[in-house]
2 protein chains.
Amino acid sequence: MTVAKQSVSARPLSKQRLRLWLRLLRAARGIESELRERLRKDFAITMPQFDVMAALARKPDGMNMTELSRMLMVSNGNVTGIIDRLAVEKLVQRQAPATDRRSFIVRLTPKGASQFAVVAKAHENWVDELLAGFDAAEADHLIEMLGGLASSGRGETQS
Amino acid sequence: MTVAKQSVSARPLSKQRLRLWLRLLRAARGIESELRERLRKDFAITMPQFDVMAALARKPDGMNMTELSRMLMVSNGNVTGIIDRLAVEKLVQRQAPATDRRSFIVRLTPKGASQFAVVAKAHENWVDELLAGFDAAEADHLIEMLGGLASSGRGETQS
DNA sequence: CTTAAAAATTTTATATATGAAGTATTTTCC
DNA sequence: GGAAAATACTTCATATATAAAATTTTTAAG
């Protein structure tokens, strides 16, 4: 019947963390939905498609489906559909590596690369606008605080 | 042709904000996917369904579909499907208010309310665990920093 | 009161998303 | 070298999601 260590305002720590989680989720969803809407209206592209192109833009030599799904933290089957649709638009292409007939190397087409460059620039400007409330110091601070959370399992250290 | 004000390390501010956005998104998605998996495994419920029940738990008198969709920041049609599935499980019920035959009042059933209480407790513990890296001061700090972002348009000030 | 506009939902088409099952190909191991 | 395990993908069933169209009911205007 001993009361666990909880001094002063210690009791509601779990409530406070819950509030933090709700804030984090709300912030991310708000920004995400704004970005998604702009991508759709201005470039007729979805955010998952943009995310895939962004991942591929970092790897000129391409990646296979598994690497893509791990980097984007989405399921294997999900990537199949997104790549399928990007391939129809000739923005990405699948290439068979002679060594392993199970996998594909996916990469941006020239059309995909040049189109991505344009969209990425607009995207960066939008983010800059939506996060205008943060100066360099605050951004650094937040980035560091959020750093520990990201990888809840295997972590892709990208840059 | 004058160069805009950008001293010292000012140039990459937009890049820094982009990094912040990627961190924020990655953190939110990581936690979200962990919570979603636990909700599914332990309680056979989806996160959108949990979110709807959480919203309804705050309003014993119920809400109509439009209020729900605004509070959850999701589309109108989306809520229809989630409520449909919760109704099949007898966790929520639609009630016709005599005054306006266009709308419904949705509320938790007794079964839904008691089940939600159990799930919500587990959910709070999970969040407490996943955000264990933040003490009270850091949580407060982060909550405040994120506060300005949330509402990118109309804002629901809930609590 | 009747038509037009507004409001609340649902329906539809399309795109994600997940987990699980299925298929094809490589690797491992004896 | 041949069966068993591991890999790499795709397919399937189900549940979100959104935007746009359609439906029903209320409200507003004249």
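Heavy-atom basis, side chains included; hydrogens, waters and symmetry copies ignored. Lettering of chains follows the sequences in order, A, B, ..., and the numbering in each one begins at 1.
- Partners of A/Glu89 under the side-chain contact (heavy atoms from CB on, under 4.5 Å) rule, at least two apart in sequence or in another chain, are A/Leu91.
- Atom CZ of A/Arg36 and atom C1' of D/dA17 are 7 Å apart (whole Å).
- What separates CZ of A/Arg29 from C1' of D/dA17 is a distance of 11 Å, to the nearest Å.
- Toward the 5' end of DNA chain C, the nearer of the two residues A/Arg85 and B/Arg40, judged by each one's closest nucleotide, is A/Arg85.
- For B/Leu72, the side-chain contact (heavy atoms from CB on, under 4.5 Å) test picks out B/Asp51, B/Val52, B/Ala55, B/Leu68, B/Val74, with sequence neighbours left out.
- For A/Glu32 and D/dA17, the CD to C1' distance is 11 Å, given to the nearest whole Å.
- Note on B/Thr66: only backbone sugar-phosphate atoms sit closer than 4.0 angstrom, heavy atoms only; bases stay farther off.
- Contact between the side-chain N/O atoms of A/Ser33 and the OP1/OP2 oxygens of D/dT18 is not found at any separation under 4.0 Å.
- The salt bridge (Lys or Arg N to Asp or Glu O under 4.0 Å) check on B/Asp140 picks up nothing, with sequence neighbours excluded.
- Within the nucleic acid shown, B/Ser75 comes within 4.0 Å of at least one base atom, counting heavy atoms only.
- The CG-P distance, from A/Asn78 to D/dC12, rounds to 17 Å in whole Å.
- Around atom CD of B/Glu144, no more than 12 heavy atoms belonging to other residues, nucleotides or ligands sit under 6.0 Å away.
- Using a 4.0 Å heavy-atom cutoff across all strands shown, B/Thr80 reaches at least one base atom of the nucleic acid.
- Applying the ring pair (Phe, Tyr, Trp, His ring centres under 6.0 Å) test to residues at least two apart or on different chains, the pairs with a partner in residues 50-108 of chain B are B/Phe50-B/Phe116, B/Phe50-B/His123.
- Between the side chain of B/Arg17 and the backbone N or O of A/Phe134 there is at least one donor-acceptor pair closer than 3.5 Å.
- In this structure, the CD1 atom of B/Ile82 is 5 Å from the P atom of D/dT16, given to the nearest Å.
- The interatomic distance linking A/Ile83 (CD1) with D/dT10 (P) rounds to 9 Å, in whole Å.
- Applying a 4.0 Å cut-off to non-hydrogen atoms, none of the residues of residues 111-118 of chain A approaches DNA chain D.
- Nucleotides of DNA chain C that come within less than 4.0 Å of any heavy atom of chain A span, from the 5' end to the 3' end, C/dA15 to C/dT26.
- Judged as a salt bridge (Lys or Arg N to Asp or Glu O under 4.0 Å), and not counting sequence neighbours, the contacts of A/Glu32 are B/Arg29.
- With sequence neighbours excluded, the residues that form a side-chain contact (heavy atoms from CB on, under 4.5 Å) with B/Lys121 are B/Glu124, B/Asn125.
- Residues passing the side-chain hydrogen bond (donor to acceptor under 3.5 Å, both in side chains) test with B/Asn76, sequence neighbours excluded: none.
- Position along DNA chain D of the nearest nucleotide to A/Ile105 versus A/Glu37 favours A/Ile105 as the more 5'-ward residue.
- Partners of B/Arg102 by salt bridge (Lys or Arg N to Asp or Glu O under 4.0 Å), not counting sequence neighbours, listed by chain and number: B/Asp100.
- For the pair B/Ile45 CD1 and D/dA15 P, the computed distance is 12 Å after rounding to whole Å.
- Non-hydrogen atoms lying under 4.0 Å from DNA chain D are contributed by A/Arg94, all within residues 93-101 of chain A.
- Comparing B/Gln49 and A/Met63 by the nucleotide of DNA chain D that holds the closest heavy atom to each, the one mapping nearer the 5' end is A/Met63.
- Taking both residues in full, the closest heavy atoms of B/Arg38 and B/Trp126 are given as NH1-CD1, 3.1 Å, listed atom of the first, atom of the second, then distance.
- Between A/Asn64 atom CG and D/dT10 atom C1' there is a gap of 14 Å when expressed in whole angstrom units.
- For the side-chain contact (heavy atoms from CB on, under 4.5 Å) test, residues two or more places apart in sequence or in another chain that qualify with A/Ser75 are A/Asn78.
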